[in-house]
Amino acid sequence: MKEKKKLTPEEEMLEKYRAKVKREAVIKSAALAAACGFLLSVIVSAVSFATLYNTLYIALGVWAAASVGLGFLFYFLLFRTDLKQTAERVDGIGLEERVLTMVELRGESGVLAEKQREDTKTTLSGVSVKQMKTGIPKLLLIGLALIAVVSIFMMSYSTVLAVKAEEARSGITDEEKPSEDDEIIRQMIEELRDLIDNSPVSDSLKGYLHGLVDDLEASIKPTDSLEVKIAKVSETAQEIHKLIEEYLSRTTIGQELQKHDTTKPLGDAIVSGDVSKVEQAFKDMYDSIEPHVMAGEYDILLQTADDIDQSIEDATVKDDALADALHELAEALRAAVPKEPPHAGEEEHVGDEVMKDVQDAMDQAMQDIKDALEDQQHADELDDQLQDAIQDALDKLEGKEKPDDEKQDEEEPEEKDPNENQNMSGDSGSSAPPQSDGDVSYDSVIDGQTPYDDVYDEYEQKMKELLESGDLTEEERKLIEDYFKKLG
Amino acid sequence: MENTVTEQDLKAFSETCKNIFAQIGRDMIGQSEVVESTVIAMIAGGNVLLEGVPGVGKTRLVRTLGRVFSLPFSRIQFTPDLMPADVTGTNIIVKDDKGNSQFSFQKGPIFSNIILADEINRATPKTQSALLEAMQEHKVTVMGVSRPLDEPFFVLATQNPIEQDGTYPLPEAQMDRFMFKLIVSYPNMEELERIVGMTQVTMEEVADAVCSAEELLRMRRTAKEIPVATEVMKYAMRLTLATQPSSECPAEIAKKYIRYGASPRAAQALISAAKVRALMNGRYNVSYNDINTLAYPVLRHRIKLTFEAVADNVTPDDVIREILRELGKGTGSEKSTAEAPAADSGSEKRGLFGKKKG
């Protein structure tokens with residue numbers, strides 16, 4: 001073990017004072033180093049302030065490193081005191097340079113040196129370490145405190161700004177950051193939207209249901225209690241469930257026809273919406289009926305007619321034109337049945353006549369059904385074109401440059417799958433009437449179209465505005481004018 | 001450090017000082033600071049210029065010192081018609097036993113240990129200059145022959161700050177040879193009562209001789225051995241240089257108000273006197289306070305103020321006080337014993353820049 005350095009009498013005498021001076025030197029070094037560290041961290045904070053990146057940990061690291069590193073540096077280069085400096089400090093108590101002189105006379109053994117040492121010792125015994133004024137300048141402490149306050153403020157402020165900026169970059173702001181309650185509601189709404197998206201319903205209905213959810217979100221106020229918010233969500237959820245169930249329970253004439261063996265091919269063709277398939281379906285029906293009729297079994301005609309009427313009756317979504325055509329077909333089939341059974345040997349002849357009537361009825365029905373389907377398709381196409389034209393014109397008028405994704409979102413509901421359209425519109429017939437004037441019923445939404453009665457005025461108004469604006473091309477102008485002429 | 005001082009020397013110094021002040025106190029009432037400073041100068045081997053109005057005890061002090069120190073004492077009353085030979089002495093023709101004439105040097109009053117140069121500023125500069133060699137080199141040269149003066153040798157001069165008509169201000173060279181310039185102020189009420197009471201009984205001086213020339217010289221040697229810390233020594237040098245506007249470290253006020261600063265003699269005087277003062281106070285080292293206290297008597301006659309200072313009513317003591325404050329070494333702990341009371345100047349007390357003090 002290293003031997004402790006032997007102290008001279010003078011050093012021994014000043015040991016306790018020297019310890020205090022050393023402590024002060026350490027404190028001063030640490031304080032100054034901390035101040036420098038704070039200044040450096042202010043610089044880092046300023047960088048954070050300028051770049052809006054969170055540098056809190058860097059600033060704290062710089063402060064800690066500078067405090068430690070500079071602390072040692074300051075102590076060894078600036079504040080470390082030797083015995084002479086300690087003596088000067090001790091003399092400050094009022095010892096009139098006795099200690100300083102004593103230190104300078106170290107090692108001397110003359111009478112004066114001895115007397116001087118004794119005198120110093122005696123005087124020194126009359127004072128205490130506490131009397132020695134603290135050598136830490138108040139200015140340093142005040143400066144340090146100020147620098148520390150400014151630095152901490154800068155660090156905090158720049159950190160808050162940086163965090164906000166980072167949140168803004170990631171799309172979250174304090175205002176938008178959901179609370180725990182909001183998170184619950186958000187999840188419930190999210191589940192509702194998932195339910196809508198996953199439901200086997202038309203896009204139009206989905207859009208309508210999403211609209212309900214949008215309305216729900218708009219109706220929820222931040223000031224509402226959690227209970228109120230949940231109640232609003234539950235109410236909307238119930239409505240959505242009800243609509244979906246209703247939708248799922250709805251059937252068109254085509255779907256009803258599919259349920260009967262006699263009318264299934266026709267049902268398939270109508271549901272597909274493909275006009276060419278209708279012809280084939282009638283052909284198949286004719287082929288299935290003919291053997292029975294030729295064998296004198298006319299019940300097949302009655303059965304088919306009954307099935308058609310039953311389907312018309314059972315369908316909850318009805319296209320009037322289609323229904324009329326099918327009903328006339330059913331009546332014609334019934335009428336084709338002979339009043340009396342054919343005599344023996346006349347079955348073939350009667351059968352030919354009956355099948356001739358059946359053929360006529362089917363031809364007439366096939367034409368009517370084709371017309372109904374084509375009319376509907378044409379109306380849908382015109383409607384789509386008009387919607388597009390109106391939207392384009394409105395965009396031009398408003399000078400909007402919407403983002404591509406937004407445009408796509410808006411276009412999505414209009415991009416109808418023809419099959420789905422058929423499915424949705426049932427037999428391409430007219431939809432159910434609105435529940436009230438100006439109020440679009442969900443039936444019409446489910447059918448994928450809005451009754452013209454409800455929107456005609458609005459369309460007409462927009463049409464007039466567009467035509468007057470002069471922003472349309474000649475082709476667009478003609479298309480619109482033709483469309484409204486047809487609507488009459 | 002070569003140390004020839006013994007315990008007995010230190011003890012004798014202390015005892016003798018005590019006796020000196022005790023005996024002076026028998027004849028002098030009040031003026032303790034002036035007395036102390038004068039004794040310090042005498043022990044340190046310096047000359048003293050006492051400035052004060054008539055009747056404040058300047059001459060009595062010098063006479064008393066002569067008695068106490070048991071030294072031959074000469075008084076020279078300076079007048080405008082006083083000639084140098086009247087001070088130094090002169091060669092006269094004398095006849096020997098055989099009747100041959102020859103020059104014989106007739107010593108003047110300067111050949112004494114303590115010289116009282118009373119009202120020194122009334123003599124012409126020529127006569128005043130007769131003292132220059134004696135004061136600095138302790139010898140007199142007449143007709144090419146130098147004659148040493150007996151040691152110890154002191155000149156204690158007095159001058160009257162008023163009645164300036166018919167006076168000749170001492171030249172700087174002469175002033176610089178005085179270790180101290182002391183301001184003798186009016187006694188206060190209590191001192192005045194005691195002075196009047198004492199002189200009603202007897203006007204005679206009763207102080208006894210308590211210090212011989214040998215003892216005084218031994219005291220001087222002892223004091224010279226008192227150690228001075230390097231920092232204190234440097235401080236004295238800095239103080240001296242601070243009074244010189246053209247030095248490397250002049251005080252701010254010196255640049256404005258001092259035309260010529262103190263000479264190196266001032267630094268010597270400061271250290272010599274400070275050592276005596278320290279030992280006199282029972283200390284074996286010189287302190288900043290010793291330097292600060294003695295700064296006024298040592299420096300006040302050695303700095304020449306500018307016209308601006310005179311116009312602003314700034315006195316040398318004001319300047320010295322400001323310099324001490326600027327250097328900032330314990331100026332507040334002990335009031336300077338030799339600081340001039342402003343009332344002595346006959347004007348109201350003013351601070352720096354001529355502003356009245358409360």
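Because only heavy atoms are used, hydrogens play no part in the values below, and waters and symmetry mates are left out as well, while side chains stay in. Letters A, B, ... are given to chains in the order of the sequence lines, protein chains preceding strands, and every chain is numbered from 1.
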Peer 1: Atom CG of A:Leu112 and atom OG1 of B:Thr222: how far apart are they, to the nearest 0.5 Å?
Peer 2: 8.0 Å
Peer 1: Give a yes or no on this: more than 12 heavy atoms of other residues, nucleotides or ligands lie within 6.0 Å of atom NZ of A:Lys20.
Peer 2: yes
Peer 1: Counting heavy-atom pairs under 4.5 Å to chain A, which of B:Thr230, B:Leu10, B:Val232, B:Asp9 comes out on top?
Peer 2: B:Thr230
Peer 1: Side chain of B:Glu7, backbone of A:Val111: donor and acceptor closer than 3.5 Å?
Peer 2: no
Peer 1: Apply the test side-chain contact (heavy atoms from CB on, under 4.5 Å) to residues A:Asp119 and B:Arg283: give CA-CA distance (whole Å), side-chain angles for both, the deciding distance (0.1 Å), then the verdict.
Peer 2: CA-CA 7 Å; A:Asp119 176 45; B:Arg283 225 178 324 109; 4.0 Å; yes
Peer 1: Answer yes if the side chains of A:Gln116 and B:Asn285 hold a donor-acceptor pair under 3.5 Å, and no otherwise.
Peer 2: yes
Peer 1: Is the number of heavy atoms from other residues, nucleotides or ligands under 6.0 Å of B:Lys255 NZ greater than 12?
Peer 2: yes
